[in-house]
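Positions are given from 1 along the sequence. On a predicted model such as this, the values are computed, not experimentally measured, just so you know.
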Amino acid sequence: MARRNRMQVLQKLAEHTEAEASRRLAERLKLLSADEKRLEQIRGYLADYSGSNQNCAMTIGALRSNRGFMERLRNAVDEQRGTVETQRHQAEQHAAQWRAARARSLALERLADRIEEREQQRRDRLEQLRLDEVANQGKS
């Protein structure tokens, strides 16, 4: 029984670790999705703004202002792209941690099943020996 209790404790710990890793992965994927949407939004602003001002007659000051704004948008795209890559890398790390936790949890489940199976076989053998002993006593 003590062995079974130890296995149950280990399984619960492994399940908790797996659940926590799963939660962190889901959180990271949510952040990644939000950052990817933000990147697409900034790219959309850049495309809209660059397309809308090409056919307009502008003063030199307006042209400079436009170029400065476009440069800031490009910088924002580059910065957001870096943020997305960082989030993606962290999501991959969290996914690897979850896979490892899941593998440990499954391995402990299989081990617990094997231990339970062996314990059942042991009980069955003892029961059979008892029945054989009772049958032999009846013959005597």
Check: Is a donor on one side and an acceptor on the other found under 3.5 Å between the side chain of S33 and the backbone of K30?
Finding: no
Notebook entry, point to check: How long is the span from the CD atom in Q90 to the CD atom in Q97, to the nearest 0.5 Å?
Noted result: 10.5 Å
Next item on the list: Identify the two heavy atoms, one from L25 and one from A95, that lie closest to each other, and give their separation to 0.1 Å.
Entry: CD1-N, 3.7 Å
Item checked: Partner residues of F69 under the ring pair (Phe, Tyr, Trp, His ring centres under 6.0 Å) criterion, sequence neighbours left out -> Y49
Checklist line | Inter-residue atom distance Q80.CD - K37.NZ, 0.5 Å rounding | finding: 13.0 Å
Item checked: CZ-CD distance between R88 and Q93, expressed to the nearest 0.5 angstrom -> 14.0 Å
Checklist line | Whichever hydrophobic residues join L13 through chains of side-chain contacts under 4.5 Å | finding: V9
Item checked: Heavy-atom pair with the smallest gap, counting every atom of V84 and L32 -> O-CD1, 3.7 Å
Next item on the list: Could you pull out the closest heavy-atom pair between S50 and A47, with the gap in Å?
Entry: OG-O, 3.2 Å
Item checked: Whichever hydrophobic residues join L131 through chains of side-chain contacts under 4.5 Å -> none
Item checked: Greater than 12 external heavy atoms within 6.0 Å of I60's CD1 -> no
Notebook entry, point to check: Got a salt bridge between R130 and E133, using NZ or NE/NH1/NH2 to carboxylate O under 4.0 Å?
Noted result: no
Note to self: Once rounded to the nearest 0.5 Å, what's the spacing between atom CD of Q11 and atom CG of L106?
What the structure shows: 10.5 Å
Check: Do you see a donor-acceptor pair shorter than 3.5 Å between the side chains of Q128 and D124?
Finding: no
Check: Among all residues two or more places apart in sequence or in another chain, which pass the salt bridge (charged side-chain N to carboxylate O under 4.0 Å, His left out) test with R28?
Finding: none
Item checked: R67 atom CZ, neighbour heavy-atom count above 12 within 6.0 Å -> no
Notebook entry, point to check: Any idea which heavy atoms bring A21 and W98 closest together, and the distance?
Noted result: CB-CA, 3.7 Å
Notebook entry, point to check: So how far is it from S105 OG to E18 CD, rounded to the nearest 0.5 Å?
Noted result: 4.5 Å
Which atom pairs, one a donor and one an acceptor, fall under 3.5 Å between side chains of residues 109-118 and the rest of the protein, sequence neighbours left out?
{"unit_1": "E116", "atom_1": "OE1", "unit_2": "R4", "atom_2": "NE", "d": "3.2"}
{"unit_1": "E116", "atom_1": "OE1", "unit_2": "R4", "atom_2": "NH2", "d": "3.3"}
{"unit_1": "E116", "atom_1": "OE2", "unit_2": "R123", "atom_2": "NH2", "d": "3.2"}

Next item on the list: Identify the heavy atoms of L46 and V77 that sit nearest to each other, and give their distance.
Entry: CD2-CG2, 4.2 Å
Margin query: Whether E40 and R43 form a salt bridge (side-chain N of Lys/Arg under 4.0 Å from carboxylate O of Asp/Glu) is what I want to check.
Written below: yes
Margin query: According to side-chain hydrogen bond (donor to acceptor under 3.5 Å, both in side chains), does anything in residues 68-78 pair up with another residue at least two apart or in another chain? List the pairs.
Written below: D78-R81
Notebook entry, point to check: To the nearest 0.5 Å, how far apart are CD in E92 and CG in L29?
Noted result: 10.5 Å
